[in-house]
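Structure record follows, encoded as structure tokens.
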Amino acid sequence: MPKAATTCVMDCPDTCALEVEVRPGEGGAPPEVVSLGGAADHPTTRGFICGKVARYHERLDHPDRLLHPLRRIGPKGEARFERISWDDAIGLVARRLAEVRDRSGGEAILPFHYGGSNGLLADGLLDELLWARLGASKLAKTICAAPTTEVARAMYGRIPGVAYEDYPEARAIVVWGASPKTSGVHLVPFLHAAKRKGAFLAVVDPRRTFNDGEADLHLAILPGSDLPVALAMIRRWERGGRLDRAFLARHVADGLEPLLAAADAWPLERAAAAAGVDPDAIARLADAYADASPAVIRTGWGLERNVNGGRAVAAILAMPALLGKFGVRGGGYTMSNREQGKLDARRVLGGFDWRARTVNMTRLGAWLTAVDGEGSAQADDAEPLAGDRHFPPDPPVEALFVYNANPAATVPDQRRVLAGLAREDLFTVVFDQVMTDTARWADVVLPAATFLEHWEVRVSYGTYGVGGGRPAIPPRGEARPNHDVFAALGRALGFTDEPFGWDERTAFDRVVDALRLVGKPVDRERLAAGLWVRPDFPGDNPIQLGPEGEGGVRPWTPDGKIHLAPPLLGPDPFVYRPPADRWPLALISPASRHRISSTLGETPAGELTATLHPADAAPRAIRPGDEIRLHNDLGEVRCTARVSDRLRPGVVELPKGAWRRDSRNGLTATALAPDTLNEVAAGACFNDARVEVERWDR
Ligand code: SF4
């Protein structure tokens, strides 16, 4: 059976090279994707992929797959639609967007999009040109990675991190706020290889995500307490004379004094009390990391999702600099490698200006409900919030265009998001592959092609390289690639920019030709064949602050130096704000084995389940399988209890990205998450949710 090469575009750091087995259609039937697997000759994919994407082709013909444009015929949210033609759909959407622009100004249009496709064609290309020409509101993409991105940029210029393949060189590995067993699974074999060579593996996470015997130390801290723990480790090193003063003098421009001053306030015992762990365990982690070389920290995104998150990221990223862990293969840190690929989309599109207000996506519910008239039930408590400077909205949002995203399931303060989507006066378009929770509230639904059905280019943010995507099969039904739909809308709105006339393959070629991978052009033919291109580092992979000629990369900051307390951290760069304690349990909502954020939520993952530690379940008389309710001031979620000591006491877990139908009352973890913002980069604070849990029969 023929196999097609392509690249996974899911919101996952691994960016696997895929092999797609396609059975040709017979007798007029469309070709079938029979299986998806990993390319054996890709350096990190190495012949396997995660279970989520191994079943991705089931989405192609899933009953929830969107095959035709639809127009709402019932009340909002009831998902009663009638089929319409593409011409009618494009005409209707273009007319309504133009009406809103002419009546209230372009900023009354809000495009909402995120990581449902991380390809360069499907997100941030022609769509941007369309929104710019309409003068639509801009979207601050803060749901994930805003603090980590901004802090890493300010401290190190987002230099490339330690490659997965170099982890076996490390003698100590700290996985901090990441869960490679669930997301980014291709790191795991390299962790195992390092362990076989005798490396010390520590994991900092409220949950035990590794099996017994896999990790040498599991520091199960309370959510949001990463900063005190990091500062206590730094204090221990400073007092123990462990700092690498020569490295600091050579490579660090500023920030050492405020960092050490802040750390001085965090003796082990104080940090241990804040984090709910044994002080000796923090000391053990600090000493094991300090003693080893090479040593690497793999930071994830779990540690940023609280009010202290940006500062915690800064303190943790300072560690390899403080101890001089850079300069050797396998030493340093890994966070996002997205900066390896650079594309100036505006140049590709011919240049354009877009001046408009910015809407923080984390506060979508507040934005949609802050209106006068129908749907304004919560307008009175609408308040400005640092990091959401254009709020309250003037003009209010009158048109919402959602693509690559499912905010009804993923955005904090879910009830307020749903209240906004229920507004009769809000014109909502959802452009997606399946009937998501958000699509059910749309006025117009547009069917999108999956990444197996369109051209794409994808820069990895975890592994090294860029991958090409070409259609393995034609789109099902009348589904269309993002490029085609934004081009059609641009033409229907009368915009004459040349890119609105490009076909998808032309857009692919233009993007590839303009893309630079660590400063160099990429091989268009390989990408057009669905294959990957690796950056050209001497020695195969970069060495952070390593020797030139051996893959060494200096900080990509303007002065080539490290900044330990950059200005974006604010005047008190390492201050710790303890969580509110009105509710007794911290709620976390990490990624699950079933979905990539909310993508693939159409495939049943079983009933929504909340996990508690036995010490929290017992006093509440909760047993496994009980029906329970989690609640706080924002709402309640009804689901089934699981009791497990893989989670630390004081914490309850609901999966990220669950769809509303998984829950017994149509609400999920985001119904309990506040829409407050991280003080650095205005990121979402999902893990600041605090709740009570009780049996439902009470
Ligand atoms: S989701 Fe991640 S691990 Fe799974 S196939 Fe895609 S890139 Fe690979």
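From a predicted model like this one, the values you see are computed outputs, not experimental measurements. Every number for a ligand or one of its atoms is a count from 1 in the order of the listing.
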Under 2.8 Å from atom 4 (Fe) of ligand 1, is there any N, O or S atom belonging to Cys50? yes

Distance-only side-chain donor-acceptor flag, Asp509 / Thr506, under 3.5 Å: no

Taking side chain as C-beta onward, heavy atoms only, is Asp11 less than 4.5 Å from Tyr461? yes

Per-atom contacts, ligand 1 versus His186 - under 4.0 Å to a heavy atom: 3 (S), 8 (Fe)

With no hydrogens and no angle check, is any side-chain donor or acceptor of His483 less than 3.5 Å from a backbone partner on Leu126? no

Restricting to heavy atoms, the pick from Ile49, Val185, Thr15 nearest atom 7 (S) of ligand 1 would be Thr15

Between Lys52 and Glu58, is a salt bridge (Lys or Arg N to Asp or Glu O under 4.0 Å) present by the stated rule, with each step listed? CA-CA 10 Å; Lys52 306 171 196 180; Glu58 293 175 12; over 6 Å; no

Taking N, O or S atoms only and a limit of 2.8 Å, check whether Cys8 reaches atom 6 (Fe) of ligand 1. yes

For atom 5 (S) of ligand 1, which candidate among Leu600, Thr182, Val53, Asn118 holds the nearest heavy atom? Val53

Identify, for atom 8 (Fe) of ligand 1, the protein heavy atom at the shortest distance, and state residue, atom and that distance. Cys16 SG, 2.3 Å

In the structure I gave you, are the side-chain heavy atoms of Tyr167 and Arg298 within less than 4.5 Å of one another anywhere? yes

Can you tell me if, anywhere in Cys12, an N/O/S atom lies at a distance from atom 2 (Fe) of ligand 1 that is smaller than 2.8 Å? yes

Is it true that the side chains of Glu214 and His192 contain a donor and an acceptor less than 3.5 Å apart? yes

